[in-house]
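Step one of this worksheet: look at the structure below.
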Amino acid sequence: MEVFHLAELKKTPTPKFMKFAACILHWYDQNKRDLPWRQDPIPYHIWLSEILMQQTRIEQGTPYYLRFVEAFPTVHDLAAAPEEKVMKLWQGLGYYNRARNLHATARYISRECGGVFPDSYKDLLSLKGVGSYTASAIASICFGEARAVVDGNVYRVLSRYYGIDSPIDRPPGQREFQALANSLLPKTRRGDYNQGIMEFGAMQCRPKNPRCSTCPLQEGCQAHRQGRIVELPVKAGKTKVKKEYLHFALALDPKGEFRVQQRPVKGYWPRLYEFPGLKLDREESSERIQESLRKELNMEPATELRQLHEQPIKHQLSHRVLQLFFWSTEEVYEMGVEQRQEALSKIEGFAWPVPLAEFLQRMKF
DNA sequence: AAGACGGGGGT
DNA sequence: ACCCCAGTCTT
C-alpha cells in the first residue's frame, strides 16, 4: 500500500482517471456554497433564482432572492402582486425587463398552469425571460433532464481546460461550446453537475487570478499547460459606449411636491420614474441647456434655472456613459400629459434608476 | 449576426 | 479604466 502525505492528497484529490464530470461533481460536493435555493429544488424557487441571477453576481442577487421569497412565498402571490411592488423590489438590480418578464410569467403559470411549472426544457423555453441557459438549468436541476447549461462560467472553464479560442460572444463559438458541454454531461446528477461547473468557474477557475495551484483539473488543463490562462476565454466583442447628457428640471413646488414621469417602454430604465427634462448628445453651455429646457417644458423665456450641484453625476450603463444634471426652477410650468405631481414621501415608493434614487435620498437630508 | 439592456465589484 | 457577472430579447 502506497503512502501519501496529507498535503498531497488535498492538492490532488482527484485521480487522473476520473472523467471531467466526475471531477466536477467531486469538487462540488466538497466546495459548494450554502445558497438559499439549494435547500430543495422547488421549480418556483429555482426559476426565481435563475431569473434574478442572470448577468448578476450571486452575492449581489441573493439579498433580492430572499426579499422576493419573503414577499411572494408562492407563484400565486407573485402573480397577484401589483406591478409597482414587483418593480420596487427589483430596484437597483438592473436589466429591468427581467422583472416585467418575471411578473408576466408568474401570472401565466398561476392562471394557465394552476401554479405548476412546465417540466421540460422545450416547454420552459417558451416562458418569457427564459432562454436556453435558464431552461436548461431548471430542466436539469428540478427534473433531471439531460440539458447542459452554458453560462459565462462554463465558457471560461471549458475554453481553458480544452484550450479553445473560438470567440464566446459569436454564434459559431457559442454553438461549439454548447456541443462540447452537451458531450460532457453525466448520466446521473445532472443538476448538481450543471451547478458544479458554474460554481467551479465562479470560485476556482475565476476570470482574474484563477486558483490553479489548488485546481483538481490542473493536470489536464490545456490553457495551464500552454500558459494561456490569461488569454482565455476569447471575446471578439467591443461595442463602443455612447455618451449622453441628461438634464432634469425640478420644479420646487410650494407644497413640497415633485413633478415626475415614467420613462418610455423602449430604451434603458423602461418605465422607471424620472423628472421631466431632456437628453443631449453633447456637452453644451449652461445658457443653451437652459434655453432647451425652457422650450422642452413650455416655460417662460425669462425663467431662471439653477444647477443644483457643481459636478455632473456620472453613471455607467452597458452601452452608454451618462452625465446627469439637476436644475431647479421656481416657475410652476404647465403640466405635461405624462406628468404627475406627488409628495416626496409618495414618490419614494416608486421604482427609480439608481442615480435618481440616490439624488432623491440627498434631497431629503 | 449584432446591439441593447444595469449595477456592483474586482484588478 | 476595463472586465466580468448563474443571459435574453429585439432588430
Side-chain angles (χ1 to χ4, degrees), chain A residues 28 32-33 35-38 46-65 87 90-102 104-105 124-138 140-141 148-157 167-175 177-178 181 191 193-203 205-210 230-231 233-242 244 263-272 314-322 351-358:
Chain A
Y28 183 61
K32 70 174 174 184
R33 288 169 288 187
L35 301 176
W37 54 90
R38 285 190 177 152
I46 299 302
W47 164 74
L48 181 57
S49 72
E50 292 297 345
I51 302 298
L52 282 163
M53 302 306 158
Q54 286 167 5
Q55 288 293 287
T56 304
R57 289 175 188 275
I58 298 292
E59 304 80 50
Q60 187 192 359
T62 299
Y64 285 82
Y65 173 84
M87 295 311 296
W90 196 280
Q91 180 182 303
L93 198 55
Y95 286 146
Y96 294 93
N97 278 331
R98 282 187 297 166
R100 301 186 201 289
N101 289 335
L102 179 89
T105 292
L124 287 161
L125 200 53
S126 67
L127 302 175
K128 279 188 182 176
V130 175
S132 64
Y133 161 78
T134 303
S136 297
I138 300 173
S140 64
I141 295 169
V149 296
V150 180
D151 73 335
N153 294 303
V154 176
Y155 281 127
R156 187 167 54 255
V157 173
I168 64 168
D169 55 352
R170 293 289 179 269
Q174 292 170 345
R175 285 192 293 271
F177 280 99
Q178 181 70 59
Y193 166 77
N194 274 338
Q195 294 185 80
I197 188 171
M198 291 190 285
E199 190 91 328
F200 184 83
M203 300 176 66
C205 196
R206 303 181 297 187
K208 307 289 181 187
N209 303 328
V230 291
E231 334 171 358
V234 170
K235 277 194 175 182
K238 299 295 181 204
T239 55
K240 63 177 178 187
V241 297
K242 281 184 289 188
E244 277 187 18
R263 292 182 58 82
V265 183
K266 299 281 187 183
Y268 55 91
W269 298 334
R271 287 162 65 188
L272 269 59
K314 290 185 89 172
H315 191 75
Q316 180 90 40
L317 274 49
S318 333
H319 290 68
R320 272 172 242 266
V321 182
L322 308 180
W352 293 83
V354 162
L356 272 68
E358 286 171 353

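Numbered from 1 within each chain, the chains take letters A, B, ... in sequence-line order.
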> Distance check: side-chain N/O of A:Q55 vs OP1/OP2 of C:dC5, anything under 4.0 Å?
Replying inline: no

> What's the CG-P distance between A:D169 and B:dA4, to the nearest Å?
Replying inline: 14 Å

>> Going by purine N1 to pyrimidine N3 plus the second Watson-Crick contact, or the G-U wobble pair, all under 3.5 Å, which nucleotide sits opposite C:dT8?
In response: B:dA4

>> Rounded to whole Å, please give me the gap between CE in A:M53 and P in B:dG7.
In response: 17 Å

> Of the nucleotides C:dA6, C:dC3, C:dC9, which has the atom closest to the A:Y133 side chain?
Replying inline: C:dA6

> In terms of side-chain heavy atoms of A:P172, which of B:dA1, B:dG7, C:dC5 is nearest?
Replying inline: B:dA1

>> If you only use heavy atoms from C-beta on, which nucleotide in C:dA6, C:dC4, B:dG8 is closest to the side chain of A:V354?
In response: B:dG8

> Quick one: does A:R57 reach the base of C:dC4 with a side-chain donor-acceptor pair under 3.5 Å?
Replying inline: yes

> Does A:H315 put a side-chain nitrogen or oxygen below 4.0 Å from OP1 or OP2 of B:dG7?
Replying inline: yes

>> Closest approach to the side chain of A:Q54, judged atom by atom: which nucleotide of B:dG7, C:dG7, C:dA6 is it?
In response: C:dG7

> Can you find a side chain N or O atom of A:Y95 that sits less than 4.0 Å from OP1 or OP2 on C:dC9?
Replying inline: no

>> Counting only side-chain heavy atoms from C-beta out, which of B:dG6, C:dA6, C:dC4 sits nearest to A:N153?
In response: C:dA6

> Tell me: CG of A:D151 to P of C:dC4, nearest whole Å?
Replying inline: 14 Å

>> Roughly how many Å apart are C:dT11 and B:dG6, using the P atom of each and rounding to a whole number?
In response: 15 Å

> Between A:R156 and C:dC5, does any side-chain N or O lie under 4.0 Å from OP1 or OP2?
Replying inline: yes

> Rounding to a whole Å, what distance do you find between A:K128:NZ and C:dC9:P?
Replying inline: 10 Å

> Among the nucleotides C:dG7, C:dA6, B:dT11, which one has an atom lying closest to any side-chain atom of A:N209?
Replying inline: B:dT11

>> Looking only at the side chain of A:P207 (C-beta and beyond, no hydrogens), which of the listed nucleotides B:dG7, C:dC4, C:dA6 gets closest?
In response: C:dC4

> Taking OP1 and OP2 of B:dA4, is either one under 4.0 Å from a side-chain nitrogen or oxygen of A:R320?
Replying inline: no

> Just checking, is any N or O donor in the side chain of A:Y133 or A:Q54 under 3.5 Å from an acceptor N or O on the other one?
Replying inline: no

> Expressed in whole Å, how much space separates the P atoms belonging to B:dT11 and C:dA6?
Replying inline: 14 Å

>> Roughly how many Å apart are C:dT8 and B:dG9, using the P atom of each and rounding to a whole number?
In response: 24 Å

>> On the nucleotide C:dT8, are OP1 or OP2 found under 4.0 Å from the side-chain N or O atoms that A:T134 carries?
In response: yes

> The side chain of A:K266 lies closest to which of these nucleotides: B:dG6, C:dT11, B:dA1?
Replying inline: C:dT11

>> Using whole Å, what does the distance between atom C1' of nucleotide C:dG7 and atom CD1 of A:I58 come to?
In response: 13 Å

>> Heavy atoms from C-beta onward define the side chain here; which of C:dC3, C:dA6, B:dG6 lies closest to that of A:W37?
In response: C:dA6

> If you check the A:N101 side chain, which of C:dC4, B:dG6, C:dC9 turns out closest?
Replying inline: C:dC9

> Say you pick atom P in C:dA1 and the same atom in B:dC5; how far apart are they, in whole Å?
Replying inline: 23 Å

> What is the distance, rounded to the nearest whole Å, between atom NZ of A:K208 and atom P of C:dC5?
Replying inline: 10 Å

> Will you find, in the side chains of A:Q55 and A:R98, an N or O donor that is under 3.5 Å from an N or O acceptor?
Replying inline: no

> In terms of the angle between their ring planes, are A:F177 and A:Y155 parallel, tilted or perpendicular, with boundaries placed at 30° and 60°?
Replying inline: perpendicular

> So, for A:Q91 and A:A351, which heavy atoms are closest and what is the spacing to 0.1 Å?
Replying inline: OE1-CA, 3.5 Å

>> If you assign A:P171 and A:L272 each to the DNA chain B nucleotide with the nearest heavy atom, which residue ends up on the more 5' nucleotide?
In response: A:P171

>> Measure NZ/A:K314 against C1'/B:dG8 and give the value in whole Å, please.
In response: 17 Å

> Roughly, in whole Å, what's the span from NE2 in A:H319 to C1' in B:dA4?
Replying inline: 6 Å

